[in-house]
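Before any comments, here is the structure.
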Protein chains: 2
Amino acid sequence: MSLRHAMLGLLTAGPASGYDLLKVFEISLNHVWPATQSQVYAELNRLAGAGLVKAAAEGPRGRKEYAITETGIAELRHWLTEVEPQRTHRFEALLRVFFLSELEPEQARTYLERQATAAEEDHAGLLELRESVSQGDDPLSLYGNIALEWGLRFTAMQREWADWAAERVASLNGLPAHPTAAAPPGGSPPSGAPPADPQADAPPAGRPA
Amino acid sequence: MSLRHAMLGLLTAGPASGYDLLKVFEISLNHVWPATQSQVYAELNRLAGAGLVKAAAEGPRGRKEYAITETGIAELRHWLTEVEPQRTHRFEALLRVFFLSELEPEQARTYLERQATAAEEDHAGLLELRESVSQGDDPLSLYGNIALEWGLRFTAMQREWADWAAERVASLNGLPAHPTAAAPPGGSPPSGAPPADPQADAPPAGRPA
DNA sequence: ATCTTACCTTCCTATGTTGACATGTCGCTA
DNA sequence: TAGCGACATGTCAACATAGGAAGGTAAGAT
């Protein structure tokens, strides 16, 4: 039940309405723990029923603000410290890789290259995000920055892996080499984007001691 | 509906029963796309109803083998090439990071250190897996290797990030430095484990061009 | 000969998740 | 002042996921 705790966590920053929380989910939590409107409102009512949050104020258009209670904070802390995080994840993009042998090698390479592009776009988006919040008057909190850093490293890793994999598929199938990533339509090379892997044959992951 | 396609994908390797598929999910697909028994059997029936697989044989103990049909293969290819992979993921371990400010810095560091340990264990498990399959008579298929490489890079990244984050939390809160990872109980340093980040202040992710 | 351990499927309940639909309010502006 | 867009909540049906109970069969070990 992570949704519940995500909402409790958001409410520690101050009272908010379902609508407010929804915005946060859409904007900043979307790639970490997506939630829909129906989930948020329903969970808010359950949370209130369980005494973990309480209605704090009523606003203009039927707006209802909720605040986290002491019980709610205790529950959040308990979750953070005592409950084991779930270890299994679902990676649809990776699942597909297992079955890429059903396609022609060139199609497989196309798929991997698309993954690389997508990862690079995500990476660029996060870099922008970092800039925009750094310029605000108060710097992102420590933990916000740590989470952002995770995103940067993850997207960089994805990009490098997909590039490596695409090249491997190509070279093992005698496909013509691609012109080392067609220059982006913008013109000058974007700085801050993770560079492609230098060599394609030696995976750098399981490093020697 | 990725479960459906995962099952189709597995059936391209040859006919199998629900039980067989279940084993594959438990053993090799568990960290990519977990599935339960109730899901697998139910989906198999739906798949058969939709003509994407067909009952191929009846075995000893009520065992029913299914084989993928032409329609099924076409559907799998369609999914691989035409359907956009889902871009949003749920990372519970990362979600928690957003709310770590609710804890004492030392507790937050403990959490991050546990993440680092878990990532290292996962990494070690994958290295073992790679050894065990490399020693088998036929090498893992190209795409199996590519997926495995993803896992190795992912766990290495997680480990490095968590180490970095734990140190950052400590240093920004004046916590005593830990003795650079207590020596593992085994004795000699394990080779193959990803090394800790050299310096703790300069995140290497958003590399300059 | 019996016992245990896999093998193998079906059914059930509870919970989580999605997407759509329904409903209404307030503030701005053409 | 009419209309539009943002604000704001609620409900519903369908599907996905988790976990377990129940039931039975075959093979191998003691």
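Everything quoted here is computed from the prediction, not taken from an experiment.
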Got a salt bridge between [X] and [Y], using NZ or NE/NH1/NH2 to carboxylate O under 4.0 Å?
X	Y	value
B:Arg63	B:Glu65	yes
A:Lys23	A:Glu26	yes
A:Arg46	A:Glu43	yes

Are B:Glu75 and B:His5 linked by a side-chain donor-acceptor pair shorter than 3.5 Å?
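Checked: B:Glu75/B:His5 side chains pair up, N/O donor to acceptor below 3.5 Å.
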Between the protein and nucleotides 11-17 of chain C, are there any N/O to N/O pairs under 3.5 Å, and if so, what are the atom names and distances?
unit_1 : atom_1 : unit_2  : atom_2 : d
C:dT17 : OP2    : A:Gln39 : NE2    : 3.3

Is the count of non-hydrogen atoms from other residues, nucleotides or ligands lying under 6.0 Å from B:Arg4 atom CZ greater than 12?
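Yes, the 6.0 Å shell around CZ holds more than 12 heavy atoms from other groups.
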From [atom1] of [X] over to [atom2] of [N], roughly how many Å is that when rounded to an integer?
X	N	atom1	atom2	result
A:Gln86	D:dG19	CD	C1'	13 Å
B:Leu22	D:dG19	CG	C1'	13 Å
B:Glu65	C:dC8	CD	C1'	12 Å
B:Leu29	D:dT17	CG	C1'	16 Å
B:Tyr19	C:dT10	OH	P	15 Å
B:Asn30	D:dT17	CG	P	14 Å
B:Tyr66	C:dT10	OH	C1'	11 Å
B:Glu58	D:dA26	CD	C1'	16 Å

State whether the distance check finds a donor on one side and an acceptor on the other, under 3.5 Å, for side chain A:Arg61 versus base C:dC26.
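Indeed, a donor on one side and an acceptor on the other fall under 3.5 Å apart.
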With a 4.0 Å limit, can you tell me whether [X] has a side-chain N or O closer than that to the phosphate oxygens OP1/OP2 of [N]?
X	N	value
A:Tyr41	D:dT9	yes
A:Lys64	D:dG10	yes
A:Arg63	D:dC7	no

Are B:Phe99 and A:Trp79, when compared by the centres of their aromatic rings, separated by less than 6.0 Å?
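So the answer is no for these two rings.
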Using 30° and 60° as the class boundaries, would you call the ring planes of B:His89 and A:Phe91 parallel, tilted or perpendicular?
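Aromatic pair B:His89/A:Phe91 classed tilted.
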Could you check B:Gly62 against A:Ser17 and say which one's nearest nucleotide on DNA chain D is further toward the 5' end?
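It is A:Ser17, whose closest nucleotide lies nearer the 5' terminus.
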